[in-house]
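Have a look at the structure below before the remarks.
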Amino acid sequence: NSIEVVRGPNSAIYGRTGRLDACLKLCEKGIARYRKERAFYLNQARAYAQLDERSAAQDSARRGLAQFPGDAAFLRFL
């Protein structure tokens, strides 16, 4: 789906440019709609980590792990 391709990278761009609130909102919407799009979970965890919200970052990582068991990118947040 082309929306998945566009939105996943957009959430990464928001995170990298410090637009963390926009990143978090986009990721939450993306997760609700596209459960199998890994980028949303990962970018959400990264954004929370950048905000020093460790518990929220871990929750995001756990949600990602539920969809992508054993993924090392998520495990590093735990």
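Quantities reported herein were computed from a predicted structural model and do not represent experimental measurements.
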How close do Gln67 and Arg35 get, heavy atom to heavy atom, and via which atoms?
-> CG-O, 3.5 Å
Report yes or no: do Leu75 and Phe40 belong to one cluster of Ile/Leu/Val/Met/Phe/Trp/Tyr joined by side chain heavy-atom distances under 4.5 Å?
-> yes
Which distance, rounded to the nearest 0.5 Å, do you find between the CD of Glu53 and the CG of Leu20?
-> 9.5 Å
Residues that Arg46 engages under salt bridge (Lys or Arg N to Asp or Glu O under 4.0 Å), provided they are two or more places apart = none
Shortest non-hydrogen pair, Ala45 vs Phe77, comes out as O-CE2, 3.7 Å
Which of parallel (below 30°), tilted (30 to 60°) and perpendicular (above 60°) describes Tyr41 and Phe68?
-> perpendicular
Minimal non-hydrogen separation, Cys27 against Ser11, with atom names = SG-CB, 3.6 Å
CG of Asp21 to CG of Leu51: how many Å apart, nearest 0.5 Å?
-> 7.0 Å
For Phe74 and Ala61 the tightest heavy-atom approach is O-CB, 3.5 Å
hydrophobic_cluster_shared for Tyr14 and Leu42, side chain cutoff 4.5 Å | yes
Decide yes or no for Leu65 and Leu78: does some side-chain heavy atom of the first lie under 4.5 Å from some side-chain heavy atom of the second?
-> yes
With Arg38 via salt bridge (Lys or Arg N to Asp or Glu O under 4.0 Å) - residues at least two apart | Asp71
Crowded around Arg62 CZ? As in, over 12 foreign heavy atoms under 6.0 Å?
-> yes
